[in-house]
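Here is the structure we will look at, set down as C-alpha cells.
Note on naming: letters A, B, ... go to the chains in the order of the sequence lines (proteins, then strands), and numbering restarts at 1 for each one.
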2 protein chains.
Amino acid sequence: MIDSSIENVIGALALAFADILQRDAQAKAPEPGPAASAITLIGHVPGLSIERLRRALSLSHSGTVRLVDRLVAEGLAARFSAPDDHRAVALRLTPLGETTCSAILSARQKGLASALAVLSQEELQEFGNLAAKLLRGLVSTEDHAYRICRLCNYTACIDCPVEAELA
Amino acid sequence: MIDSSIENVIGALALAFADILQRDAQAKAPEPGPAASAITLIGHVPGLSIERLRRALSLSHSGTVRLVDRLVAEGLAARFSAPDDHRAVALRLTPLGETTCSAILSARQKGLASALAVLSQEELQEFGNLAAKLLRGLVSTEDHAYRICRLCNYTACIDCPVEAELA
DNA sequence: AAAAATATATGCTCGGAGCATATACATCAA
DNA sequence: TTGATGTATATGCTCCGAGCATATATTTTT
C-alpha cells in the first residue's frame, strides 16, 4: 500500500472506532456529549478537581462547572472541598455514579471487542504493540494523558503505555 | 499484553487520532462540528443529496438543512436540483468550497502523518494492513461507508478497503 | 501586607440541534 | 388515471449546552 492510502485507512478506522466508543459510552450516560468521559475520569481519579477535568475534556470553565452541576443534580457525582487547596473543588462518584461508570465502561468494552474480533490472537497482539508505540509517541503532558485515557477502563489496563511514557 | 489492556490501548489511540483529525479538520472549516466532514463529503461525491449527507453525518433532517444553508451562505457549496429525483436537492462545492476542502484534507493529512512518524516503514505497512482488515469488518451499508470515509482524502486513497468490502 | 496568579461560580447571550409540521415529488396499487 | 403511501426538503418553534465577562475566594509571590 502507498503511504497516503495507509493514512486514509488508519484515519478512517480511528474515526470509526471513536464513533463506536462514543456511541456505546453515551448510551449509558445521562446525556450526550462529554458526560460519559467526565464520569469515567472522576471514577478513574477520585478527588479530581474541576480545573483538571476541564483540561481533560477541553471545555471552558463554565461549561465544566455546569456539567458537574448536572452530574451532581442527577446524583451521579458529589463535590467536596479539596483537602490541600481550599480554592479547588474535588469530585467523586456517588454509588449510583459508580454503577453508571461501570455500565459505560463495559458497554465501551463490548463494542470494541466485537470490532476487534476479526483479528486472530497474533494479529491482535501485533496491532496492540504498534498501537502502544504510537500512543507513547503522542502523549505530551499529564493533562493530555487524562484526555487520551478519558474512556479507558483503568482497572483493566495493565502496563498502561501512557503512564509509562509520562514516568 | 492481556486482551483487556490491548483493547484499552487501541481505544485510547482511536480517540487520540480522532481528536487530531477533527481538530486539524475543523481548524480549516468555517465552523466547528460536522461542517468539515460535510465539505469533504460533498467534495467526494458531487451531487450528493441532503438526505444522504444527513445519514453520513448522523444528524437530523433540519440540522442538515441548516448546515447546508450555512455552507451555501458562506459561498462554499451550492444547491441544484437533482436530475433523477425532483424532490431531492443535489449538492456541489463552489470553487471556494474546493479550496476549503483541499485545506481541510491537507491539514488532516499533516497531523496524521506526524503522529505516524514514530513507526518504521515496515511497521507502518503492517499497521495499515491490520487496520484495513478491521475496517473491512466494520463496513455494513453504503451510508455507513460514507460516514466512515467522511474525512478521507479520496484522491489519495488507492484500493480503498471500504469500497472493496461493499463491492 | 500588597499584588498577582489560580480555582470556582453565575448572569447573560449565542447558536446548533431536534421536534412538529407543511409542501413537493415519487411510487405503487387499484 | 387516480388515489394512497412513502420519501425528500424546508421552516417555525423551542431547548439546552457552551462560551464570554465578571465576581468571589484562596494561594503564591514579591
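A heavy-atom distance below 4.0 Å to DNA chain C is reached by none of the residues of residues 50-57 of chain B. Within residues 38-47 of chain B, no residue has any heavy atom under 4.0 Å from DNA chain C. Within residues 78-91 of chain A, the residues having any heavy atom closer than 4.0 Å to DNA chain C are, in order of number, A:R79, A:R87, A:A88, A:V89. Residues from residues 65-75 of chain B placing a heavy atom under 4.0 Å of any atom in DNA chain D, listed by number, are B:V65, B:R66.
Scanning for salt bridge (Lys or Arg N to Asp or Glu O under 4.0 Å) contacts around B:R52 gives B:E142, B:D143, with sequence neighbours left out. With sequence neighbours excluded, no residue satisfies ring-ring contact (aromatic ring centres under 6.0 Å, His included) with A:H144.
Rounding to whole angstrom units, CG of residue A:L48 and C1' of C:dA7 are separated by 13 Å. Atom pair B:E31:CD and D:dG19:P shows a separation of 15 Å (rounding to whole Å applied). Counting to the nearest Å, the P atom of C:dA22 and the NE2 atom of B:H61 are 16 Å from each other. Between the CD atom of B:Q26 and the P atom of C:dG16 there is a distance of 13 Å, rounded to whole Å.
Note on ring orientation: taking the six-membered ring where Trp is involved, the planes of A:Y146 and A:H44 are perpendicular (angle over 60°, cut-offs 30° and 60°).
For A:S60 against D:dC20, a side-chain-to-base donor-acceptor contact under 3.5 Å is absent.
Among the atoms of the strands shown, none is found under 4.0 Å from any heavy atom of B:P32.
Of the N and O atoms on the side chains of A:Q109 and A:D24, not one donor lies less than 3.5 Å from an acceptor on the other residue.
Each of A:T99, A:L93, A:L71 was compared with A:L76 under the side chain to side chain contact (heavy atoms under 4.5 Å, CB included) criterion, and only A:L71 meets it.
Comparing B:S49 and A:T64, the nucleotide of DNA chain D nearest to each residue sits closer to the 5' end for B:S49.
Contact check on B:E74 versus B:R70 returns no salt bridge, with no Lys/Arg side-chain nitrogen under 4.0 Å from an Asp/Glu carboxylate oxygen.
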